[in-house]
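All values derive from a computational prediction rather than experimental measurement. Each chain gets a letter, A, B and so on, in the order its sequence line appears, and its residues count up from 1.
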Amino acid sequence: MENAQIADVLDEIGDLLELTDASLFRIRAYHDAAQTVRSLPQRCEDLLADDVDLSELPHIGKSTASKIDELIHKGTCGRLLELRRRVPSGVTTLMKVPQLGPRRALLLHDALGIESIADLKKACEDHQLARVRSLGNKTEQNILRSLATLKATSGRMLLKAAGDHAEALGRYLHHIDGISRWEIAGSLRRRRETIGDLDVLVQSADRAAATDRILNYPGIEHVLSRGPERVSVRVGGALQVDFRFFDPPEFGAALLYFTGSKPHNIALRKRVQRRKWKLNEYGLFSGTRRLAGTTEAEVYARLGLAWIPPELREDRGELDAAAHGTLPKLVKLTDIRGDLHCHTKATDGAGTIADMAEAARLRGYDYLAITDHSKAVTIANGLNETRLKKHVEQIRKLDRSLDGIRLLAGVEVDILKEGQLDLDKDLLSTLDWVVGSVHSHFNLDRDAMTNRLVTAVRSGVIHCLGHPGGRIIGRRDLIQVDWDKVFAACKEHGVRIEINAQPDRLDLPDTYCQRAKAAGVEFVISTDAHKESDLDYMPFGVDVARRGWLEPGNVLNTCTAAKLRKALKRR
DNA sequence: GCCGTTTTCGGCCCGACTGTTTTCAGTCG
């Protein structure tokens with residue numbers, strides 16, 4: 001059983017407990033445990049097989065550990081089944097609707113017999129809710145709006161989409177005179193792969209006037225709430241934006257608080273509690289005395305910690321590292337010297353080799369690898385051996401005529417079902433750069449998929465595994481693989497792992513990068529550009545690398561063209 | 001249910017806002 005499934009069960013137990021009279025802390029404990037399992041680098045099933053005591057993990061004690069054990073060995077868990085029997089069906093689904101918590105969900109079920117989203121929608125439309133005590137017309141309208149948003153977005157949007165909204169909003173805020181400072185916090189600042197909402201911190205001497213100006217932003221579709229401290233709106237279809245006002249002495253503490261993540265904040269607050277201090281969005285306090293708050297660095301420093309880059313704030317060991325001065329020196333966009341994965345008109349790209357080379361040169365790169373598809377990807381007009389030979393000749397010919405950028409003659413060769421490569425090995429071994437990728441049979445079982453990748457890695461002719469997890473965010477899950485085996489093979493055979501910077505791929509995902517780094521694997525950050533402007537996806541790949549704790553030395557395409565050539569020399 | 005540098009018991013983050021009611025419960029982040 002996968003960790004995601006276990007985490008879902010723990011979350012469901014937590015949700016069900018909310019509908020009973022269980023202690024709030026017990027409910028939270030289940031959700032905390034779910035979070036731990038979800039972000040665990042190894043599978044619980046593998047840990048158990050290795051006789052690891054799961055109750056050693058944070059937020060998992062004897063009770064939860066035994067439930068996980070039961071889940072893995074029996075496929076289900078008695079506590080879950082018992083709770084499902086006790087709680088009317090459908091009520092946990094209702095709780096997922098914004099505006100509805102456990103109390104209202106239960107109330108709607110008991111008073112109106114509502115058991116599903118469809119029931120809820122109909123009841124709102126028929127004005128049934130207003131008849132229930134403590135509910136009214138406005139609640140009805142708000143729920144209908146929530147349902148529409150839920151349907152449109154399934155909750156979160158891609159980092160790139162949210163970033164585009166933030167950029168537009170930023171241009172507007174920039175021109176409001178009364179706003180002396182604003183910062184975007186939240187998961188966007190942490191550069192998470194998907195974003196639930198935007199948190200904007202605002203500093204202004206005249207908050208009422210600033211609020212009026214903010215509410216004039218043309219992108220606003222609906223004002224969710226408005227108070228002296230906070231304004232919440234919905235923009236561009238589905239993105240909620242929360243504006244919060246803070247004064248300069250509070251601003252750093254507020255930035256820290258609203259950047260999160262929640263687990264990071266909780267872990268941080270534990271360190272605060274040990275000193276008998278208090279940390280909230282207004283500052284770090286001893287009693288009523290403010291110890292820090294103007295900047296984040298000041299707050300961290302007062303707690304004996306180095307400033308932690310937002311991308312690391314996930315409670316994955318960054319606090320200990322900050323305490324011991326061992327935080328990684330994270331890779332930056334400016335460290336990247338070239339792109340090692342792009343396509344041209346020869347297959348499914350839009351530009352010629354020359355177009356792509358020029359676009360890369362304009363972006364200040366020293367080198368670009370041309371890596372078109374192989375023949376198995378028929379829909380992309382993939383190259384067979386004959387066409388590839390000609391294509392490579394063209395790349396090399398152009399390379400000789402170009403100044404300011406070096407071209408690597410490469411290919412993105414398909415890794416077929418059993419791990420064989422889609423092109424002749426002798427031909428592949430004459431290329432400068434070979435990316436091996438999976439584009440088919442994504443549903444192989446874990447052992448078969450692991451063997452498939454390991455076989456390809458051992459082929460001796462690929463330099464890199466392209467988009468290793470095969471996922472498309474929101475559409476296709478990560479393939480099932482024993483990653484430790486794949487990483488070990490990559491390390492042994494000197495095969496790099498790609499971080500694919502396509503905004504809907506971001507693959508390999510950050511937590512796996514951290515694990516691959518620990519296994520000693522080298523990385524490549526690539527855009528997989530299919531047109532010139534796609535080369536601008538590089539920052540999203542760098543975001544993933546940073547969230548995966550990678551330093552420049554872990555990333556091959558931070559090195560110079562000369563060093564790259566040396567590193568790629570065939571044995 | 002988890003956790004522990006005053007603890008194996010007694011804590012566990014808490015402030016802002018809405019809607020409905022009339023002093024506050026529920027929800028959210």
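Contacts with DNA chain B (heavy atom under 4.0 Å) in residues 286-316 of chain A: none are found. Less than 4.0 Å separates DNA chain B from at least one heavy atom of each of the following residues of residues 53-61 of chain A: Leu57(A), Pro58(A), His59(A), Ile60(A), Gly61(A). Looking at residues 10-37 of chain A, you'll see Phe25(A), Arg26(A), Arg28(A), Ala29(A), Tyr30(A) sit with a heavy atom under 4.0 Å from some atom of DNA chain B.
Electrostatic pairing of Asp15(A) and Lys96(A) counts as a salt bridge here, judged by a charged N lying under 4.0 Å from a carboxylate O. A salt bridge is defined here as a Lys NZ or Arg NE, NH1 or NH2 lying under 4.0 Å from an Asp or Glu carboxylate O, and Arg84(A) with Glu12(A) meets this definition. Using a cutoff of 4.0 Å between basic side-chain nitrogens and carboxylate oxygens, Asp212(A) and Arg226(A) are scored as salt-bridged. Ion pairing between Glu250(A) and Arg244(A) fails under the 4.0 Å rule for side-chain N and carboxylate O. Using a cut-off of 4.0 Å between Lys/Arg side-chain N and Asp/Glu carboxylate O, Arg207(A) and Glu229(A) are scored as salt-bridged. In this structure, Arg38(A) pairs ionically with Asp11(A), as a charged nitrogen and a carboxylate oxygen lie closer than 4.0 Å. Ion pairing of Arg471(A) with Glu193(A) is present here, as a side-chain N (NZ or NE/NH1/NH2) and a carboxylate O approach within less than 4.0 Å.
Here, dT27(B) and dT20(B) have their C1' atoms 14 Å apart, quoted to the whole Å. Comparing the C1' positions of dT8(B) and dC2(B) gives a spacing of 12 Å, expressed to the nearest Å. Nucleotides dT18(B) and dC12(B), compared at atom P, are 28 Å apart to the nearest Å. For the P atoms, the distance linking dC28(B) with dT23(B) amounts to 25 Å, nearest Å. dT5(B) and dG1(B) are spaced 23 Å apart, taking the P atom of each and rounding to whole Å. Comparing the C1' positions of dC17(B) and dT21(B) gives an interatomic distance of 16 Å, to the nearest angstrom. Taking the C1' atoms as reference points, dG19(B) lies 25 Å from dC13(B), given to the whole Å.
At a cut-off of 3.5 Å, with distance as the only test, no side-chain donor of Ser204(A) or Asp206(A) sits close to an acceptor on the other residue. A donor-acceptor contact closer than 3.5 angstrom is absent between the side chains of Lys517(A) and Tyr512(A). No side-chain N or O of Gln5(A) forms a donor-acceptor pair with one of Asn3(A) less than 3.5 Å apart.
Using a 4.0 Å cut-off, some side-chain N or O of Lys67(A) falls inside it from OP1 or OP2 of dG1(B). Look at Ser63(A) and you'll find a side-chain N or O under 4.0 angstrom from OP1 or OP2 of dG1(B). OP1 and OP2 of dT18(B) both lie 4.0 Å or more from every side-chain N or O belonging to Asn142(A).
One can place CZ of Arg274(A) at 16 Å from P of dC12(B), the figure rounded to the nearest angstrom. Between the CG atom of Leu268(A) and the C1' atom of dC12(B) there is a distance of 17 Å, given to the nearest Å. In this structure, Lys62(A) places its NZ atom 13 Å from P of dG4(B), rounding to the nearest Å. In this structure, Arg271(A) atom CZ and dC3(B) atom C1' are separated by 16 Å, rounded to whole Å. Distance CG (Asn265(A)) to P (dG15(B)): 15 Å, rounded to an integer number of Å. For Phe285(A) and dC14(B), the CZ to P distance is 13 Å, given to the nearest whole Å. When rounded to the nearest whole Å, the span between NZ of Lys270(A) and P of dC2(B) equals 13 Å. In this structure, the CD atom of Gln141(A) is 15 Å from the C1' atom of dT18(B), given to the nearest Å.
More than 12 heavy atoms of other residues, nucleotides or ligands lie within 6.0 Å of CG in Leu81(A), so this atom counts as buried by the packing criterion.
Under the salt bridge (Lys or Arg N to Asp or Glu O under 4.0 Å) criterion, Asp32(A) pairs with no residue, sequence neighbours left out. With sequence neighbours excluded, no residue forms a ring pair (Phe, Tyr, Trp, His ring centres under 6.0 Å) with Trp549(A).
Ring geometry for Tyr300(A) versus His264(A): interplanar angle over 60°, hence perpendicular rather than tilted (30 to 60°). Aromatic ring orientation, Phe246(A) versus Tyr282(A): tilted (interplanar angle from 30° to 60°).
Under the 3.5 Å distance criterion, the side-chain polar atoms of Arg213(A) are left unmatched by any main-chain donor or acceptor of Gly178(A).
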Q.
One character per nucleotide, please: for nucleotides 21-29 of chain B, 5' to 3', B when the base has a protein heavy atom closer than 4.0 Å, S when only the sugar-phosphate does, - otherwise.
A. -----SSSB
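Nearest to the side-chain atoms of Ser225(A) among the listed nucleotides dC17(B), dA16(B), dG19(B) stands dC17(B). Distance from the side chain of Glu229(A) is smallest for dC17(B) among the nucleotides dC17(B), dT6(B), dT20(B).
The partner of dT8(B), taking Watson-Crick or G-U wobble pairs whose two distances both stay under 3.5 Å, does not exist in any strand shown.
Base orientation at dT7(B) is syn, since its O4'-C1' glycosidic dihedral falls within 90° of 0.
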